[in-house]
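Working notes, structure below.
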Protein chains: 2
Amino acid sequence: MTERPQAGAASQDDRAEVTIHDVARLANVSIATVSRVLNGSNPVKGATSSRVLEAIESLGYVPHSGARSLIKKETRTIGALLPDMFGEFFSEVIRGLDQVARNRRYSLLVTCTHGDMESAEAMLRTMHGKVDGLVILSSELEVHAGMARLLKRTPAVFLSQVAGSLEERFDSISVDNRGGALSMVRYLIGLGHARIAFIRGPENNTDALQRLEGYREAMAANPATRDCVLEAQGDFGEASGYRAACRLLKASPRPTAIFAANDDMGIGALAALKDQGLRVPEDISLAGFDDVPIVRYLTPALTSIRAPISDLGARAAERLLTVIESGGSAQPRQQTLEVLLVPRGSTCPPLSGSGGQ
Amino acid sequence: MTERPQAGAASQDDRAEVTIHDVARLANVSIATVSRVLNGSNPVKGATSSRVLEAIESLGYVPHSGARSLIKKETRTIGALLPDMFGEFFSEVIRGLDQVARNRRYSLLVTCTHGDMESAEAMLRTMHGKVDGLVILSSELEVHAGMARLLKRTPAVFLSQVAGSLEERFDSISVDNRGGALSMVRYLIGLGHARIAFIRGPENNTDALQRLEGYREAMAANPATRDCVLEAQGDFGEASGYRAACRLLKASPRPTAIFAANDDMGIGALAALKDQGLRVPEDISLAGFDDVPIVRYLTPALTSIRAPISDLGARAAERLLTVIESGGSAQPRQQTLEVLLVPRGSTCPPLSGSGGQ
DNA sequence: AGAGGAAATGAAAACGTTTACAAGCGTGGG
DNA sequence: CCCACGCTTGTAAACGTTTTCATTTCCTCT
């Protein structure tokens with residue numbers, strides 16, 4: 001007889017898990033009735049219901065989500081696959097995700113891939129079965145084979161555009177990177193700048209590439225700037241922005257404006273410019289991209305492109321839940337969110353006749 | 001008939017979940033053997049094992065974690081309860097948590113309480129059963145009754161000191177807030193400052209309170225500073241730091257140094273000082289607390305107290321996993337992590353004879 | 001060569017839910 | 001007065017694993 005785990009155990013052992021059976025026993029009903037009260041799936045008489053509720057409360061019963069997911073085939077959890085956790089950008093995304101998830105009574109599982117596709121696939125494997133769907137902020141361009149197969153079973157929304165042939169097959173939500181970069185460069189040109197340098201993001205990052213594209217397109221479209229294209233490689237981190245700015249300053253003639261592909265690099269560049277004894281914006285203008293909350297507190301405050309970051313997370317979660325709840329019948333859709341140029345103190349017209357050193 | 005979404009689907013319908021039974025059938029073994037191969041729990045003959053592995057690979061089988069957790073009574077997931085997701089601080093903590101978790105093959109569930117204890121308890125309830133343990137970065141001082149009960153069943157590690165009578169009953173890992181504040185104030189006094197103002201953090205936040213305590217203690221310990229105590233209330237956000245600094249500047253005589261209880265408020269204060277036309281550090285020194293990565297890129301770089309933030313997360317995760325794996329037999333332990341004063345450009349001796357405005 | 005084990009495998013019972021199905025039980029219409 | 005029918009409730013079968021126990025297989029030692 002294995003039926004009675006604790007012989008003679010009285011009412012409530014605090015350590016042991018309390019199951020639906022304990023509740024049923026205490027309320028003098030069957031486990032089915034308890035389940036019905038919990039889920040509101042079938043009508044239950046008022047008196048019974050409150051007896052059950054009372055028992056649940058007094059025992060501190062919480063349903064075992066594993067058992068539930070086993071039969072309902074849903075975990076009520078969504079997963080987020082992020083490349084990394086540095087900077088303010090990712091916490092904003094998570095904030096958006098969490099907000100929507102909690103509203104819809106989902107939990108949020110997060111993990112970082114560290115930009116490594118090997119481990120991304122491993123994480124995907126771990127998450128599969130723990131989540132009903134995924135939000136993927138992939139830093140890589142390619143969705144490779146192993147991933148694609150896992151993704152057949154788990155709905156996913158990408159947070160930057162999926163490249164190439166697979167684009168049509170996945171949901172994605174991204175910001176208008178190209179458009180944002182275009183308008184920033186046009187704005188700088190409008191101020192009178194011609195020698196506008198660009199600090200690029202990681203080479204295999206879609207967002208970074210689209211911003212680069214926008215920069216190049218705007219520069220090429222104007223006779224005055226066409227021959228002034230000047231680029232330095234960065235990796236979206238502050239330190240790389242610092243170094244890139246130092247390299248750009250060695251050009252002769254020196255650029256009159258620097259446009260960093262994201263704010264973190266812009267912050268690094270700002271430090272570099274000041275360390276070199278340059279005044280911003282009088283001696284050189286500086287602009288970033290993303291408009292993370294902190295840049296308005298820099299001196300000078302950084303001109304940037306406002307990407308609705310936490311909104312990005314929120315929308316991704318919304319969309320994902322829609323797809324999940326549609327049971328996979330939803331057509332993949334690619335959304336692009338508008339961005340907004342926010343001019344601040346770090347940009348101004350170049351000193352007339354400034355010819356660099 | 002809604003049973004067959006794709007009529008005529010032959011062997012492998014990509015949508016349907018593949019279970020251990022499918023693998024067993026394909027490999028011509030029993031499900032028990034498959035399980036053994038998966039867990040390495042019992043010896044399995046080489047040939048059989050590889051046949052099973054092959055089947056798993058070809059079917060893309062991933063075990064259902066719900067079913068597993070049902071019987072093993074573990075979810076291999078840990079939860080993090082954060083007050084919010086603003087600023088760089090929390091993403092650093094998450095980074096530390098994630099790193100340890102992934103190494104030990106755990107997943108990480110995160111959620112924000114938004115400082116609201118009602119919802120904190122609700123989240124706790126949601127998480128209970130989805131996680132094996134919790135890391136709680138509670139902004140509130142009190143662990144109230146409902147929470148305490150949930151916490152009896154789920155191991156938890158607090159990321160700031162638990163206040164009062166309950167302290168001994170919970171694991172906690174915190175930084176030496178009081179010591180850090182003490183050494184910062186002593187450092188400023190050592191530079192020759194006397195009128196050192198303090199920007200306080202949220203009133204009900206343990207970390208903030210301990211930092212305040214350190215400030216007051218250091219100020220009181222010195223005859224020269226004893227009567228110069230000057231405080232303004234903030235909430236750890238940049239904007240509140242900006243406003244607090246503005247208020248402090250109205251004091252007469254004006255403080256020669258401002259010490260913000262965290263870096264975010266320090267960043268806001270820096271913007272305020274510059275907006276008021278003050279030079280930092282010549283006219284007024286400024287210091288922060290936490291040493292989030294970004295402050296070294298400010299101009300001037302912010303003097304701060306380096307708290308090992310991501311380490312905090314990592315250690316919390318380590319400790320939690322230890323507690324979990326000990327099966328609840330581990331004695332609660334309170335750890336305090338050392339901090340380090342990092343002097344940078346934002347602090348210097350006061351102008352001799354500076355008598356305020 | 002036969003027995004005695006060790007090694008490898010299979011059968012079946014759990015784990016805690018949800019839910020299809022059946023059953024109890026008043027009630028009202030024929 | 002009996003039957004059909006709602007409304008509520010209980011019974012039992014899933015769900016996909018792990019694990020105990022029993023069984024088979026195969027080797028090794030006398």
Side-chain angles (χ1 to χ4, degrees), chain A residues 1-6 16-53 55-56 59-77 125-126 128-130 132 153, chain B residues 2-3 16-53 55-56 59-77 126 128-132 153:
Chain A
M1 290 206 204
T2 62
E3 305 168 11
R4 196 162 294 195
Q6 257 90 6
E17 279 306 318
V18 21
T19 78
I20 199 173
H21 287 97
D22 304 318
V23 176
R25 198 176 315 133
L26 184 59
N28 239 312
V29 294
S30 74
I31 59 167
T33 302
V34 177
S35 174
R36 286 190 269 253
V37 170
L38 241 44
N39 302 319
S41 44
N42 285 48
V44 173
K45 214 159 77 179
T48 318
S49 175
S50 53
R51 216 166 357 115
V52 170
L53 256 14
I56 288 176
L59 290 161
Y61 166 70
V62 179
H64 189 291
S65 61
R68 177 175 278 176
S69 84
L70 188 51
I71 184 154
K72 294 248 258 188
K73 288 174 187 325
E74 64 165 29
T75 60
R76 284 203 95 73
T77 302
R125 196 176 291 276
T126 306
H128 174 91
K130 280 191 178 178
D132 296 334
R153 301 226 200 83
Chain B
T2 62
E3 306 168 8
E17 280 306 318
V18 22
T19 78
I20 200 173
H21 287 97
D22 303 319
V23 176
R25 199 175 315 130
L26 184 59
N28 239 311
V29 294
S30 73
I31 58 168
T33 302
V34 177
S35 174
R36 286 189 269 252
V37 170
L38 241 44
N39 302 318
S41 44
N42 285 48
V44 173
K45 213 159 77 180
T48 317
S49 174
S50 54
R51 213 160 7 111
V52 169
L53 256 14
I56 288 177
L59 288 162
Y61 167 70
V62 179
H64 188 291
S65 61
R68 176 175 277 175
S69 85
L70 187 53
I71 185 155
K72 294 248 257 189
K73 288 174 187 326
E74 63 165 29
T75 60
R76 284 203 95 72
T77 302
T126 307
H128 173 91
K130 280 191 177 178
V131 302
D132 295 334
R153 301 225 200 83

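A, B, ... follow the sequence lines: proteins, then strands. Residue 1 opens every chain. Quick note: numbers below take in every heavy atom, side chains included, and nothing from hydrogens, waters or symmetry partners. This is a predicted model, so every value here is computed, not measured.
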Taking atom [atom2] of [N] as reference, at what distance in whole Å does atom [atom1] of [X] sit?
X: A:Glu17; N: C:dC15; atom1: CD; atom2: C1'; result: 12 Å
X: B:Asn39; N: D:dT20; atom1: CG; atom2: P; result: 12 Å
X: A:Ile31; N: D:dT11; atom1: CD1; atom2: C1'; result: 9 Å
X: B:Leu70; N: D:dT18; atom1: CG; atom2: P; result: 11 Å
X: A:His21; N: C:dT18; atom1: NE2; atom2: C1'; result: 12 Å
X: B:His64; N: D:dC15; atom1: NE2; atom2: P; result: 12 Å
X: B:Leu38; N: D:dT18; atom1: CG; atom2: P; result: 6 Å
X: A:Arg51; N: D:dT8; atom1: CZ; atom2: P; result: 14 Å

Can you find a heavy atom in the side chain of [X] that is under 4.5 Å from one in the side chain of [Y]?
X: A:Thr77; Y: A:Lys130; answer: no
X: A:Asn39; Y: A:Arg68; answer: yes
X: B:His64; Y: B:Thr19; answer: no
X: B:Leu26; Y: B:Tyr61; answer: no

Starting the side chain at C-beta, find the nucleotide from [options] nearest to [X].
X: A:Pro63; options: C:dT17, C:dA8, D:dT9; result: C:dT17
X: A:Ala32; options: C:dG10, D:dT17, C:dT19; result: C:dT19
X: A:Ser35; options: C:dG16, C:dT18, D:dT19; result: C:dT18
X: B:Lys45; options: C:dT9, D:dT17, D:dT8; result: C:dT9

Specify the closest pair of heavy atoms between A:Gly129 and B:Ser65, including all atoms of both residues, with the distance to one decimal. O-OG, 3.2 Å

Under 4.0 Å, heavy atoms only, any strand: does B:Thr48 hit a base, just the sugar-phosphate, or nothing?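 Touches sugar-phosphate only.
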
Is there a side-chain polar atom (N or O) of [X] under 4.0 Å from OP1 or OP2 of [N]?
X: A:Thr33; N: D:dG10; result: yes
X: B:Lys73; N: C:dG16; result: yes
X: B:Ser30; N: C:dG10; result: yes

Starting at the 5' end of DNA chain C, which residue's closest nucleotide do you reach first, B:Ala67 or A:Ile71?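 The 5'-side residue here is B:Ala67.
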
